[in-house]
Amino acid sequence: MGNYRWTICALLFFATTVNYLDRQVLSLLHPMLEKEFNWTNSDYANITAAFQFVYAISMLFAGRFVDRLGTKWGYIIALIIWSIGAIMHAVAVPIGVSAAALISWVGLGMVPVSVIGFILARAVLAFGESANFPAAIKATAEYFPKKERSFATGIFNSGANVGAILAPLTVPWIAKVWGWESAFIIVGAVGFIWLGFWYVFYDKPENQKRMNAAELAYINSDQQEEAPVTETVATEKVAWFKLLGYRQTWAFAFGKFMTDGVWWFFLFWLPSYLKVQYSLTGTDIMMPLTVLYSMTMIGSIGGGWFPMYFIKKGYSPYDGRMRAMFVIALFPLVVLAAQPLGHISFWIPVVLIGIGASAHQAWSANIFTTVSDMFPKKSIASVIGIGGMAGGMGGVVMSKLGGALFDHYKLLGHTQTGYTIMFTICAVAYLLAWVVMKFLVPKYAPITDL
């Protein structure tokens, strides 16, 4: 049997790496931009919340877009859009000046032009990036049998960690040498390199000339577990309201709402946390963030493998996954100790938050796969889109709450208290999410009537 499916997994890995490189540039440059444009924490929270809001809404349509257009071209169009959005950040101020008149007309004239420009650039970036995970999960469902999907998802999802590692190693240096505008342009242009490889090497498994018959048979080995469909039914549009009628959809959406915001918070606010509490800026944050996000790779790949332990013991893929997710949900509790022990060294919270972020990646590899465990392939991207919208809204809540808390406690002279509150929320979110998901779907219940 061949292994061409892992070539596809590698392509998904690199696309996700580019995805996270593009979205993290702003957080790494936040201390520099905050000083240059005199932003408050709420200004920055509004910029990040705009990304998350547009991402959330777009996720709902991105899943439908990928289902309708197909994985190959859906990914191509999405990456072109998000790469353009990433490069737009370099000219955010001129964009903001151009948009100022319209913003004033609708009564928002007090918003600084720099904030307006970055919000618009983030909106385009979010619109394009929203299709990454629906397309990647759909490609995984096409190329992997159920027993391998969480492992494959963990591998490509670790691209988020690689992107998060590469960003602090490159962005501060680029900004220091060539200016912050160059950082957005150079990183944003990387995505266009990936497009050529995706166009050449990806096709549907049944049309893939580089894959042998034995591997195709292996990929389709658990097809009998899904309800047989005719060609007409396979292309039939599945209404969102119909998908919302399933407890499985709500379980996935709630899990994403509760936990995605934690990852967004770590991704967008950690550079600011290191500046506020430990006075680390510019290239000083390169090593702490590199170590932290290197830890998350262990969680992503290990978390994808972990359910196999239970599956090999005879549990269904879903039941084995839920057992693994309960264990994973315990690890973020260590983040509760980040602030109490932070006076010893900044490495203490870096390592503890790294464990929590690593657990998130393990959780993410599995929660995505609960959808492909239970839904037929034709609806997977749409369900992922619904959950992605819920996760994005959770991110909006976390960003706005964090910005408000940090500004409030900054006026009181101890911003650290705001971070203590946010870290507490991050620590307990996963256990709460697991309890509700288990309540909604206590046992493996595949959807057979779509």
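Scope of the values below: all heavy atoms of this structure, side chains included, with no hydrogens, waters or symmetry mates. Residues take their numbers from the sequence shown, with the count starting at 1.
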Which is it for D43 and F37 under the side chain to side chain contact (heavy atoms under 4.5 Å, CB included) test, yes or no, and what are the steps along the way?
CA-CA 10 Å; D43 286 333; F37 298 117; over 6 Å; no
For side chain to side chain contact (heavy atoms under 4.5 Å, CB included), just list the numbers for L26 and R122, CA-CA rounded to whole Å, side-chain angles, deciding distance to a tenth of an Å, and then say yes or no.
CA-CA 9 Å; L26 177 64; R122 296 304 278 180; 3.6 Å; yes
Could you check I425 against M398 for side chain to side chain contact (heavy atoms under 4.5 Å, CB included), going step by step and ending with a plain yes or no?
CA-CA 9 Å; I425 295 171; M398 289 290 281; 4.0 Å; yes
Residues K275, E34; criterion side chain to side chain contact (heavy atoms under 4.5 Å, CB included); working and verdict
CA-CA 12 Å; K275 175 190 176 184; E34 177 184 47; 2.9 Å; yes
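For the pair L274/P288, a side-chain contact is recorded, criterion being any heavy-atom separation below 4.5 Å from C-beta on. In this structure the side chain of S272 never reaches within 4.5 angstrom of the side chain of F406, judged on heavy atoms. At a threshold of 4.5 Å between non-hydrogen side-chain atoms, the residues L431 and L333 count as touching. Residues I186 and W178 are in side-chain contact: their nearest non-hydrogen atoms beyond the backbone lie under 4.5 Å apart. Within the 4.5 Å cutoff, the side chain of M393 has heavy atoms near those of the F53 side chain. A 4.5 Å side-chain heavy-atom check between P271 and L289 finds at least one atom pair inside the cut-off. Here the side chains of I8 and L11 are in contact, with some heavy-atom distance below 4.5 Å. Within the 4.5 Å cutoff, the side chain of F51 has heavy atoms near those of the W264 side chain.
The closest donor-acceptor contact from the side chain of K400 to the backbone of A45 lies at 3.5 Å or more, if one exists at all. At distances below 3.5 Å, not a single donor-acceptor pair connects side-chain atoms of S345 with backbone N or O atoms of I348. Between the side chain of S364 and the main chain of H360, no donor-acceptor pair closer than 3.5 Å is present. Under a 3.5 Å cut-off, the side chain of T17 and the backbone N or O of G159 do form a donor-acceptor pair. Side-chain N or O atoms of T370 include one that pairs as donor or acceptor with a backbone N or O of I367 at under 3.5 Å. Between the side chain of E215 and the backbone N or O of Y4 there is at least one donor-acceptor pair closer than 3.5 Å. Using a distance-only test at 3.5 Å, with no hydrogens or angles considered, a donor-acceptor pair links the side chain of T249 to the main chain of L243. Listed for the Q277 side chain is no donor-acceptor partner under 3.5 Å among the backbone atoms of Q416. No donor-acceptor pair closer than 3.5 Å links the side chain of T296 to the backbone N or O of A357. The backbone N or O of M325 sits nowhere less than 3.5 Å from a side-chain atom of N366 that would complete a donor-acceptor pair.
Side-chain N/O atoms of W363 and T259 include a donor and acceptor closer than 3.5 Å.
More than 12 non-hydrogen atoms from other residues, nucleotides or ligands lie less than 6.0 angstrom from OH of Y20. With a 6.0 Å radius and a threshold of 12 heavy atoms from other residues, nucleotides or ligands, F197 has its CZ atom at or below the threshold. More than 12 heavy atoms of other residues, nucleotides or ligands sit less than 6.0 Å from atom CZ of F65. Crowding of F14 atom CZ: a count of heavy atoms from other residues, nucleotides or ligands under 6.0 Å not exceeding 12. The number of heavy-atom neighbours closer than 6.0 Å to CH2 of W39, taken from other residues, nucleotides and ligands shown, is above 12.
Here the closest heavy-atom approach between residue R149 and residue T140 is recorded as O-CG2, 4.0 Å. Across all non-hydrogen atoms, the minimal contact from G163 to L21 is O-CD2, 3.7 Å. When all heavy atoms are compared, the tightest approach of Q339 to Y419 is NE2-CB, 3.9 Å. In terms of heavy atoms, A183 sits closest to V171 at CB-CG1, 4.2 Å. When all heavy atoms of F257 and A390 are compared, the pair lying nearest together is CD1-O, 3.2 Å. Residues E129 and D22 approach most closely at OE2-CB, 3.6 Å, considering heavy atoms.
Classification of the Y44-W269 ring pair by plane angle, with boundaries at 30° and 60°, yields perpendicular. Using cut-offs of 30° and 60° on the angle between ring planes, the pair W180 and F118 is tilted. Between H89 and F184, the angle of the ring planes stays under 30°, which puts this pair in the parallel group of the 30/60° scheme.
Using a cutoff of 4.0 Å between basic side-chain nitrogens and carboxylate oxygens, D203 and K72 are not scored as salt-bridged.
You'll find the ring centres of Y273 and F423 inside the 6.0 Å limit. For an aromatic pair to be called close, the ring centres must be under 6.0 Å apart, and W73 with W198 fails this.
Across L69, L12, V66, a single residue satisfies side chain to side chain contact (heavy atoms under 4.5 Å, CB included) together with Y75, and that is L12. W6 pairs with exactly one of F144, Y143, F201 by the ring pair (Phe, Tyr, Trp, His ring centres under 6.0 Å) rule, that one being F144.
Distance check, rounded to the nearest 0.5 Å: CH2 of W434 to CG of L330 gives 9.5 Å.
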